[in-house]
Amino acid sequence: MTAFTVALVLVVAAAGLLRWRRPAWYWLAFGVTLAALRVLVRYPSVMDACGLTVPPARWRLSLARATNRPIPEPRPPRIRRLRPTRTGLVLRLKLRPGQDVFDIAAASDRLRHSFSMFGVTSREVRSGVVEVRMTGYDVLKWVQMPAETETRAMRVPVALREDGSVHYRDYRAIPHALTLGATESGKSVYQRNLVAGLAPLDVALVGIDCKQGVELFPLARRFSALADSPDTAAELLDALVARMADVYRLIRTQQRITVDVPDAEIAADIWDLPDELRPTPVVVLVDEVAELALYATKEEERRRDRIITALVRLAQLGRAAGIYLEICGQRFGSELGKGITMLRAQLTGRTAHRLNDETSANMAFGDIAPDAVLAAIQIPAELRGLAIAGDASGGWHRIRAPHTSLRQAVNLCNRYADRTPDLPELAPFRPTTGTATELVPSAKASPATA
């Protein structure tokens, strides 16, 4: 009996230590089993207490009265599947007649308390079926991306969502995006993760960094074109507009609109073209959009109008030509001048890190998800990298990108430098780099610091 007591104390102590120091390990070792049992045992009473039950059917009531049996209890949604994950549980429910998915969403906080989980979110899978994702610990405190993620053309994993799922940047679904964040908010780390995800793909990267290139020029070996000043940026954007026109002419000549060609083979964008004719897609990263919109003289004002006009044209027409925009900045408001709100309207994806003012949050989410504005301005300063991500559908999530140092990003860009395409239109803006440098191990992998 003494040995059993000692072993039990050691197991409890180990579980407590893991929960404090390594919550992910604790969840996989102990938490997932305890949470699954807790959900299954408490499920009927919790659903009844949260108002997520419906009265029994009339025929059941009539049958109970006729046979002198007890009145049937209210029925909760039927559990169709309970699946454990590395961060929590996924509960798939079949709603009863009269129930709605908004009932589950409204009770998410009460379900979180009742099941003793860290977070609960829900989404409708199809009519009458709701998926409830429960996280067992704060997955955004120590971001650990899964070892395997779904790979697809122009779709890269960049962050982790609060429900434990991976947040992808899908350029085919959301061509253009706006990323905002104050100084030291984690915006640069998010941008590095984006470049690191795009580096292995067959895509041309174009950068505009008006901070003399301190953010993007270290990654120059993977960029097909870079601009470090507003004057160069204006010329580079004009070259992109000219490339867009050439791609449209190519699509027009290859549409093959004849009576003997099936409709599915008629080309309307570059992805409908044969592989041997498809132009290389281009991702344009603008590091600080405000620097392109500010001016002090008449000449700078004309340059500014030229830049914003080119950006608006690329945002409106660039998707079919395979040109995608990533607009980043610390501040984004209507005071940046005419054309800014028109540009924002074309940026479907929105990501906001910690912001210094509510106006920028309104510019990011005010037109698509007003309830995300409050969440964006409440991000604490100590949680760098935490952000609110949404799109034009109105949905939004809390996300956090894993920390990627500049050295790690540079190593990845150097490793895939051979994938950098040479685009004739952008040849004058190709960054000049020296000989290939040897990959330098990051500080985490250094034996001296291990």
Side-chain angles (χ1 to χ4, degrees), residues 138-145 156-162 167 169 177-198 207-220 226 228-230 285-294 326-333 335-336 340 344 347 349-366 372-390 396-413 440 442-444 449:
D138 188 359
V139 298
L140 300 184
K141 188 174 182 180
W142 292 288
V143 178
Q144 295 179 346
M145 299 290 285
V156 295
V158 292
L160 198 66
R161 291 182 177 178
E162 62 179 341
H167 180 71
R169 178 69 179 94
L178 173 66
T179 303
L180 300 178
T183 304
E184 297 296 325
S185 65
K187 176 168 58 68
S188 297
V189 175
Y190 177 85
Q191 192 177 61
R192 290 173 201 159
N193 277 276
L194 189 60
V195 174
L198 291 170
I208 298 176
D209 183 3
C210 291
K211 294 186 294 187
Q212 297 299 315
V214 295
E215 291 287 348
L216 297 181
F217 269 76
L219 315 174
L226 279 171
D228 61 354
S229 67
L285 293 98
V286 180
D287 183 65
E288 185 53 66
V289 66
E291 288 297 318
L292 301 178
L294 296 176
E326 285 286 342
I327 306 295
C328 303
Q330 300 180 28
R331 180 76 174 85
F332 196 85
E335 69 276 3
L336 294 180
I340 288 297
R344 183 196 65 163
L347 305 177
R350 311 285 175 83
T351 303
H353 297 74
R354 178 178 54 84
L355 298 170
N356 291 328
D357 61 302
E358 187 177 351
T359 305
S360 293
N362 280 317
M363 286 292 287
F365 299 113
V373 175
L374 184 61
I377 63 178
Q378 289 180 341
I379 297 176
E382 59 271 14
L383 287 180
R384 297 180 182 177
L386 187 65
I388 307 297
W396 58 275
H397 308 272
R398 287 183 178 87
I399 66 170
R400 195 177 189 185
H403 179 71
T404 300
S405 66
L406 186 57
R407 169 51 61 188
Q408 291 172 325
V410 169
N411 286 347
L412 276 172
C413 289
V440 180
S442 62
K444 289 184 180 181
T449 59

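Start at 1 with the first residue, then count along the sequence. It should be emphasised that the depicted structure is a prediction, and the values quoted were computed from it without experimental measurement.
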Check: Under a 4.5 Å cut-off applied to non-hydrogen side-chain atoms, are H403 and V143 in contact?
Finding: no
In terms of heavy-atom contacts, A376 and F365 come closest through CB-CE1, 4.2 Å
**Asked** Going by heavy atoms in the side chains, are E215 and E288 under 4.5 Å from each other?
**Response** no
- Student check: side-chain heavy atoms of L383 and R400 closer than 4.5 Å: yes
Value for CG (L336) from CE (M363), rounded to nearest 0.5 Å, stands at 7.5 Å
Rounding to 0.5 Å, atoms CG (N362) and CD1 (I377) come to a distance of 8.0 Å
Distance col, row E291:CD vs D209:CG, nearest 0.5 angstrom, shows 10.0 Å
Scanning both residues in full, the closest heavy-atom pair of L406 with L219 reads CD1-CD2, 4.3 Å
Rounded to the nearest 0.5 Å, the CG atom of L180 sits from the NE2 atom of H353 at a distance of 10.0 Å
Side chain to side chain contact (heavy atoms under 4.5 Å, CB included) test vs V286 passes for just one of L216, I208, L178, T179, namely I208
To the nearest 0.5 Å, atom CD of Q191 lies from atom OG1 of T404 at 12.0 Å
Looking only at heavy atoms, the pair that brings P402 and N193 closest together is O-ND2, 2.9 Å
Q | Flag if over 12 foreign heavy atoms under 6.0 Å of NZ, K211 | A | yes
To the nearest 0.5 Å, atom CZ of R384 lies from atom CZ of R354 at 8.0 Å
**Asked** Would a 4.5 Å heavy-atom cut-off, applied to side chains only, mark V156 and L194 as touching?
**Response** yes
For V289 and R331, the nearest pair of non-hydrogen atoms, with its separation, is CG1-O, 4.5 Å
